Amino acid sequence: DADPDTLASLRGFRELPAVWTIQWDLYVVSNGSTPQASRLIDTKLAAPLQRLSHSAAKGRPSLAFRNLLRGWRFGLPSGQNVARRMGIRPIRDDRDDPLWLYILNEAQEQHGGRRLGTVGGRIVAEVFIGLLAGDNLSYYSQNPFWQPELPGTDGTFQLADLLRAAGVAMAASDPPFPVQLPQA
């Protein structure tokens with residue numbers, strides 16, 4: 001089993017313990033499961049992130065401060081400027097919010113914090129598309145016009161269907177099953 005100290009730490013730069021797996025039925029609807037409720041997206045930092053330990057923060061005690069500094073060092077545009085460049089009418093057009101704060105505010109204002117807003121959602125989608133396009137072995141690179149051939153239970157093809165087709169265990173009690181690849 002994994003060392004208990006390793007399990008307590010969320011610091012990176014190490015291999016994840018084998019016991020850390022994703023229980024997918026808590027994130028996607030699968031065979032009638034109900035995904036786990038999550039907190040709404042908002043601009044409030046959890047208390048531990050407001051006062052990081054000195055070793056984790058390297059002299060910068062707040063995640064908010066570290067995000068502001070990182071954005072300034074990288075020269076990130078404001079959220080309002082990103083929205084304008086995307087051709088989207090920005091929220092709170094009378095000011096310039098740091099991009100990360102803009103995305104949190106946008107989620108709150110557009111969707112009550114239940115999901116990302118227009119700018120935040122597009123950034124996430126474009127990152128995934130960029131990763132797929134940059135991977136020469138991805139379905140997107142190999143066949144950009146690929147369409148799922150296996151319909152889901154309701155005639156559509158959802159993320160849970162893709163995970164099942166890939167042989168991913170959905171619930172904690174499910175053993176992983178071998179992937180059956182089509183014969184060429």
Side-chain angles (χ1 to χ4, degrees), residues 2-29 34-136 138 140-141 158-160 162-163 168:
D3 176 9
D5 290 338
T6 302
L7 295 177
S9 171
L10 295 178
R11 289 189 299 243
F13 307 108
R14 62 180 161 71
E15 187 174 327
L16 291 177
V19 296
W20 284 9
T21 61
I22 294 177
Q23 188 175 341
W24 283 105
D25 63 342
L26 295 178
Y27 295 93
V28 298
V29 175
T34 303
Q36 176 177 309
S38 61
R39 295 188 58 174
L40 296 176
I41 301 169
D42 61 30
T43 58
K44 299 171 187 76
L45 284 177
L49 299 177
Q50 292 174 18
R51 296 173 301 282
L52 298 172
S53 69
H54 185 70
S55 62
K58 297 183 181 163
R60 295 176 176 86
S62 163
L63 181 63
F65 177 81
R66 294 174 75 187
N67 281 341
L68 287 169
L69 183 61
R70 188 177 301 114
W72 176 76
R73 284 183 175 160
F74 280 115
L76 293 180
S78 71
Q80 284 82 352
N81 283 336
V82 170
R84 286 185 204 100
R85 290 292 300 227
M86 290 179 170
I88 298 166
R89 185 173 176 265
I91 63 167
R92 302 179 186 180
D93 202 10
D94 59 333
R95 61 191 216 198
D96 286 319
D97 292 327
L99 182 57
W100 66 274
L101 184 60
Y102 179 92
I103 290 170
L104 297 176
N105 277 319
E106 181 188 62
Q108 276 186 291
E109 290 188 20
Q110 290 181 352
H111 304 290
R114 287 177 193 76
R115 62 186 175 105
L116 291 173
T118 310
V119 171
R122 182 166 166 185
I123 289 172
V124 170
E126 288 186 7
V127 166
F128 281 117
I129 291 167
L131 290 170
L132 290 170
D135 179 356
N136 293 332
S138 74
Y140 181 79
S141 293
Q158 302 293 324
L159 180 58
L162 178 65
L163 293 168
V168 173

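Predicted, not measured: the structure shown is a model, and the values here were computed from it.
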Can you list the residues that meet the salt bridge (Lys or Arg N to Asp or Glu O under 4.0 Å) rule with [X], with sequence neighbours excluded?
X    : value
D97  : R95
R122 : E126
D94  : none

Go through the structure and list residues passing side-chain contact (heavy atoms from CB on, under 4.5 Å) with [X], not counting sequence neighbours.
X    : answer
L104 : I41, T43, W100
L26  : Q23, Q36
L40  : R114
L76  : F74

How long is the straight-line distance from [atom2] of [Y] back to [atom1] of [X], given to the nearest 0.5 Å?
X    : Y    : atom1 : atom2 : result
L159 : Y27  : CG    : OH    : 12.5 Å
F128 : S138 : CZ    : OG    : 13.0 Å
Y102 : L99  : OH    : CG    : 9.5 Å
L116 : Q108 : CG    : CD    : 12.0 Å

S141 (side chain) donor-acceptor with L132 (main chain) under 3.5 angstrom =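 Such a contact is found between S141 side chain and L132 backbone.
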Pairs involving residues 102-111, ordered by first then second residue, that meet salt bridge (Lys or Arg N to Asp or Glu O under 4.0 Å) (sequence neighbours left out) = R92-E109
Can you find a heavy atom in the side chain of F65 that is under 4.5 Å from one in the side chain of L69?
-> yes
List the atom of Q110, the atom of G117, and the distance in Å for their closest heavy-atom pair.
-> OE1-CA, 3.1 Å
Side-chain donor/acceptor pairs under 3.5 Å, residues 82-89, sequence neighbours excluded:
unit_1	atom_1	unit_2	atom_2	d
R84	NH1	N81	OD1	2.5
R84	NH2	D93	OD1	2.6

Of all residues at least two apart in sequence or in a different chain, which pass the side-chain hydrogen bond (donor to acceptor under 3.5 Å, both in side chains) check with D42?
-> none
